[in-house]
Amino acid sequence: MHHLNDDTLALIALGEESDSAHLATCPDCRERLEGLAQVVSAVRQGPLEHPSPDVWEGIRAELGLSPDLLPGPAQAAPLVQAKPKASPGLGGSAGPSAPPDPAAPAVAPARPRPLRPSREAGSGAARSRVGRRVQLLAAVAAGLVIGIGGTFLFQGLAPNRDTVVAQTVLSALPGKQGDGVAELRTGSDGERLQVRLSGLPAPDGFYEVWLLDQAAKRMISLGTLGPSGEASYPLPANVRTTDYPVVDVSREPLDGDPGHSSDSFLRGTLHG
């Protein structure tokens with residue numbers, strides 16, 4: 001199954017792109033996006049320290065920006081601006097203004113001129129927008145290994161990220177086809193089983209995912225499987241995979257019977 005790349009997920013986290021159709025059917029991309037969104041939220045709540053010169057150079061190189069587009073950290077404007085001091089003569093408290101020089105020639109007040117956008121003003125606004133965007137991307141990049149496949153480091157940054165505690169390869173039973181993997185994950189919301197399957201033939205009915213005991217005498221249905229072959233199932237609080245370690249994928253007919261059809265396609269036993 002095609003997944004969203006790291007650049008696209010970063011832009012979605014920043015609110016600059018959207019792919020709700022894919023995210024609605026892909027728990028893996030939703031999980032990665034959730035970690036990025038946490039970083040972006042932390043950045044926007046600021047203030048942040050400016051990156052070191054080496055980091056700025058890496059950002060310029062990665063984004064293909066010209067060296068003069070972004071200021072170095074020594075010249076960069078602070079992310080949180082200080083409140084400007086009041087100007088003398090405009091209600092401020094900087095002391096009395098100097099008395100007018102009687103010898104100075106009188107100067108008529110200048111007529112107001114209409115404001116016209118200039119190239120320089122436009123360029124400055126564009127640089128400001130790019131600077132803010134790059135500062136956010138720089139923070140997001142702290143959660144990525146740039147240039148090495150975008151490997152995420154959020155396991156160390158986000159303590160609530162799911163951890164894989166057991167997994168298994170799902171192999172086809174005799175006379176069947178397909179394969180996949182199943183992972184038991186634990187996080188702040190409890191345990192859940194995540195499956196990724198491929199090669200299953202189109203069913204005359206639907207596929208269902210189960211947990212079985214070692215003897216395959218007792219079983220618990222986790223739910224049906226959609227056409228994507230990927231799904232994540234929360235485990236009931238009183239269910240332990242030590243009692244139900246076998247992951248089973250069955251083909252079920254549309255007969256209204258909630259029981260197992262005995263037509264299993266894939267099976268594997270979870271190991272920590």
### Side-chain donor or acceptor of Ser250 paired with backbone N/O of Glu252 under 3.5 Å
no

### Query
Between the main-chain N or O of Asp263 and the side-chain N or O of Ser261, is there a donor-acceptor pair closer than 3.5 Å?
yes

### Task
List the atom of Leu270, the atom of Ala182, and the distance in Å for their closest heavy-atom pair.
CD2-O, 4.1 Å

### Asp213 side chain to Arg218 backbone, donor-acceptor under 3.5 Å
yes

### Query
Between Ser232 and Arg192, which heavy-atom pair has the shortest distance, and what is it?
OG-NH1, 2.5 Å

### Task
Check the pair Asp243, Val239 against side-chain contact (heavy atoms from CB on, under 4.5 Å), reporting the backbone distance first and the verdict last.
CA-CA 8 Å; Asp243 300 324; Val239 173; over 6 Å; no

### Query
Any donor-acceptor pair under 3.5 Å linking the side chain of Tyr244 with the backbone of Gln214?
no

### Query
Got Thr269 and Val247 here, is their nearest side-chain heavy-atom distance under 4.5 Å?
no

#### Entry: Heavy-atom closest contact (Leu266 atom, Gln177 atom, distance)
CD2-O, 4.1 Å

### Task
Flag the pair Leu184 / Leu235 as yes when at least one side-chain heavy-atom distance between them is below 4.5 Å, and no otherwise.
yes

#### Entry: Val209 vs Tyr233, side-chain contact (heavy atoms from CB on, under 4.5 Å): CA-CA, chis, key distance, verdict
CA-CA 9 Å; Val209 178; Tyr233 307 97; 3.4 Å; yes

### Query
Got Val164 and Gln194 here, is their nearest side-chain heavy-atom distance under 4.5 Å?
no

### Query
Does a side-chain N-to-carboxylate-O contact under 4.0 Å join Arg251 and Glu208?
no

### Query
Is the Tyr207 ring parallel, tilted or perpendicular to the Phe265 ring (thresholds 30°, 60°)?
perpendicular

### Query
Going through the checks in order, is the side-chain contact (heavy atoms from CB on, under 4.5 Å) test met by Glu230 and Leu197?
CA-CA 6 Å; Glu230 297 192 15; Leu197 311 177; over 6 Å; no

### Task
Taking the side chain as every heavy atom from C-beta outward, state whether Glu31 and Arg185 have any atom pair closer than 4.5 Å.
yes

### Task
Please assess Leu225 against Leu200 for the test side-chain contact (heavy atoms from CB on, under 4.5 Å), listing each intermediate value before the final yes or no.
CA-CA 11 Å; Leu225 183 70; Leu200 289 171; 4.2 Å; yes

### Query
In a check of side-chain contact (heavy atoms from CB on, under 4.5 Å) between Arg196 and each of Asp179, Val181, Leu170, which one passes?
Val181

### Task
Verify the cluster assignment for Val249 and Leu173: are they in a single hydrophobic cluster under the rule of side-chain heavy atoms below 4.5 Å apart?
no

### Query
With side chains defined as the heavy atoms from C-beta onward, is the minimum distance between Leu211 and Met219 less than 4.5 Å?
no

#### Entry: Cluster check Phe206, Ile220: I/L/V/M/F/W/Y, side chain < 4.5 angstrom
no

### Query
For the atom pair CD (Glu183) and OG1 (Thr168), what is the distance rounded to the nearest 0.5 Å?
10.5 Å

### Heavy atoms of other groups near Asp204 CG, more than 12 under 6.0 Å
no

